[in-house]
Amino acid sequence: MSADPASVPLLSDVLADWLRAAFRRALPPAADDYASIGVVSTTNPEFGDYQCNAAMALAKALKQPPRQLAQAVLDQAGPHPAVERTALAGPGFINITVRADAIIDLAQAQGRDAALGVPPVGRGQTVVLDYSSPNVAKPMHIGHIRSTIIGGALDRLHRALGYRVVADNHIGDWGTQFGILIRGYRQFVDEAALREQPVEELERLYVKSYEQSQADPAWLDACRQELVKLQSGDPENLRLWEQFVQWSMAEFERVYRRLGVSFDLVRGESHYNVKLPGVLATLEQHGLVKESEGAQVVFLEEEKLPVCIVRKRDGGFNYATTDLATVASRVEEFHPAKIVYVTDERQQLHFRQLFAICRRLGITTALDHVWFGLMRLPEGTFSTRQGNVIRLERLLDEAEQRALAIVQAASPTMDPATQRDVARAVGIGAVKYADLSQNPQTQITFSWDKALALDGNSGPYLQYAYARIASVQDKYAERYPGQDPGAFPLQLTEPIERVLALKVTQFPEAILRAAELYRPSVVADYLYDVAQTYSSFYQNVPFLKAPDGVRESRVRLCGLVARVLRTGLDLLGIETPDRI
Ligand code: ARG
C-alpha cells in the first residue's frame, strides 16, 4: 500500500479545477469570484455524476443570462481525460458524466492507499478539541454525553485528515458549588451510600445543601465560608475537594472506557486558577474592562452582545474568565490553527462573548463553537427530575442487552462469549450512531426501535452490511483458495456497479466535508448511502456465478466497500464485528 495518500486526487477537485479554468477564459477579467466555483455530486444519475451551479450566481453578478454563460464555459472547457460528456441543464446547470475508466483508476488507486484516499490536509496543523467536559460532583447530563460522542467522532475525523489533535477534557472542577457541597458533606453524608455510588451521593448532598441555603441565611453563610476556606488553600477543604474530583473522574473514566473515548489532556478549570488575575490585568491593559455595579465587565456593544462579567462583585472570577485564561494558555502551549468547543446549544452566548473578547485581545487563532440540541429521551426511562440527566451506564447496559437478543437471533450457533462481545459492539454502536447520524442542530428523540433497526439508517444496519460483505469475501476465498481478486482489474459492466464504484471514490470527500462542517452526520449519511447501493448491487448482479475476471472484479469492489464501511464507522467510533 502506498504511504503517500496525497497521490490519490479527488474527482471533485479535478473537475472543479477544470471548470474554474474554463470560467476564467469565458469571463471578463473583472469577474474574479472563481474560488467559489465547485462541483457537487448529484443525487440523480439523470443529471450526470457531478454538477456545477456557479454559472447562475456569476451570471447574476454580471447581469448575463445564466444559460448563455454556462454554454460559454462549456465551449471554453475543451475535453478532459476524466470526462465522458457534459450537458447544459435547466437555468444554467453544468452536468458532468465521468468516464468509467477514470472511476476505475481512482478506485484502484484508493485501494492501494492505506488511507483510502483521505488526503492529509491537516498535516502540520494542530487542533485543540475541547469536548465532554462534565462537572465534578454531578452526573453527566445528556449534553455531556452528546459532547463526548460527537467530540470523539470529530477527534477521529481530524486525526484521519492528518491534524495533530489535542483532545482536552475541560472538567468543571471549580466554582461556588464546592462551598455548598462541602457544607452538605460535613452535615449529611451517608458513608455507605458514598462507598456504593459516590457521585450519586455527592449529587444528593449538593441538592440538599443547596435547598437549605435557599431557606436559611445562616446555612448560606456557612457554605460561603467553606468556599473561602477552599479558595485560600485550607488543607482540610482541599483534601475533600480532591476526593470529590477523584470520585467523579473514576465514574467519568468508566463511561469513557465503554465509549472508547480518550483524551490527551484532562485539565480542569482549577488548572487555570493561578492565571485569572493575569487575565484581568491583560483586559485592563487593552482598556477592555469597566466597572459596573461593583463588578468588572467587558462591554460588547459593537458585537451586539450583552456585557460579559469577568470579575464578580464579591471578587470571584467566573466561567468566562477561566475560558479566557484557557484560550491564552492553549495558544501559547500548542500554537493551534484552531480551537474547537463541543457543547450543547445553551452555551452559544457564552462562546460568542468569549470569542469576541479574544478578537479584541488580538488573538487570531480560529475559534469555533460546535453546538447541538439536547436529545429527547423516551419518557420515563432514564430521566430524573431534571429531565436531561440520564444514567448513561444504564442506557448502555440496556443497549447491550437488547443487542444481545438480536445477535442471538441472527447467530444462534455462535458461542456465548462471542455473542456477548458482538452485542457490546452492536449496542454501543447503536447508541453512538443514533446520535451521530442526526443533524446535531435539530431536536431529536432517541428511540430504541430506530437505533436498533436492522433495516433502516442505524448502526446495526451498517455493521450488518459490513459483516455480510465480509462473508462474501470468505466464500470467495473458500472456493478459489490462493486467488487474489486484487490482481484482476476492476470492470464496471453493470450500471449499478458503476454507481457503487463512484460512491466508493467519494469517501475522502465525505470525510473532508464532515470535518469542515463539524458534522459527523455527513459520514453517517454517506455510509448509509453506500450500504444501500451495495445492497442493490448484491441483489441484482451475480457474484460467485459471474464469469472469470468479472467475478474477481466484483469481489474486489466488495472489498473496497467493506473497507469504506469499516474505516468510516471506525472514524465515527463504531466497531465492525466480522459476524453478527
Ligand atoms: N463544564 C461545562 C458545562 O458542563 C462545559 C465546558 C465546555 N468547555 C469550555 N471550555 N467552556 O457546562
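We count ligands from 1, going down the list as the structure has it; atoms in each ligand are counted the same way.
Heavy-atom distances between Y131 and ligand 1 stay at or above 4.0 Å for every pair. Residue-ligand proximity: D130 is placed with a non-hydrogen atom under 4.0 Å from ligand 1. For R346, the closest heavy-atom approach to ligand 1 does not fall below 4.0 Å.
Listed by number with element, the atoms of ligand 1 under 4.0 Å from a non-hydrogen atom of Y341 are 10 (N). Near H144, the atoms of ligand 1 lying under 4.0 angstrom from a non-hydrogen atom of the residue are 3 (C), 4 (O). Atoms of ligand 1 lying under 4.0 Å from any heavy atom of Y319, numbered from 1 in the order shown and given with element: 2 (C), 5 (C), 6 (C), 7 (C), 9 (C), 11 (N). Listed by number with element, the atoms of ligand 1 under 4.0 angstrom from any heavy atom of H170 are 8 (N), 9 (C), 10 (N). Below 4.0 Å from some heavy atom of F351 lie the following atoms of ligand 1, by number and element: 9 (C), 11 (N).
Inclusion of T343 in the set of residues having an N or O under 3.5 Å from an N or O of ligand 1 is not warranted. For ligand 1, the polar-atom distance check finds no N/O of R330 at less than 3.5 Å from any of the ligand's N/O atoms.
Between E226 and L181, the closest side-chain pair of non-hydrogen atoms is not below 4.5 Å.
The pair K338-D368 does not meet the salt-bridge criterion, since no charged nitrogen lies less than 4.0 angstrom from a carboxylate oxygen.
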Test salt bridge (Lys or Arg N to Asp or Glu O under 4.0 Å) applied to E236 and R239, step by step: CA-CA 5 Å; E236 180 57 18; R239 195 191 57 77; 3.3 Å; yes

Does the pair F355 and H369 meet the rule for a ring-ring contact (aromatic ring centres under 6.0 Å, His included), with working shown? CA-CA 9 Å; F355 298 171; H369 180 212; 7.1 Å; no

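Protein heavy atom in closest approach to atom 12 (O) of ligand 1: Q347 NE2, 2.7 Å. Closest to atom 1 (N) of ligand 1, if we only count protein heavy atoms, is N135 OD1, 2.7 Å.
Between the side chains of Y131 and N169, no donor-acceptor pair of N or O atoms lies under 3.5 Å. Judged purely by distance below 3.5 Å, without hydrogens or angles, the side chains of S270 and N273 never pair a donor atom with an acceptor atom.
Of the heavy atoms in I171, none comes closer than 4.0 Å to ligand 1.
In this structure, the side chain of S458 engages the main chain of A453 through a donor-acceptor pair within 3.5 Å.
Using cut-offs of 30° and 60° for the angle between ring planes, the F446 and W448 rings count as perpendicular.
Figure legend: cation-pi geometry between K138 and Y206, with NZ or CZ positioned under 6.0 Å from the six-membered ring centre and within 45° of its axis.
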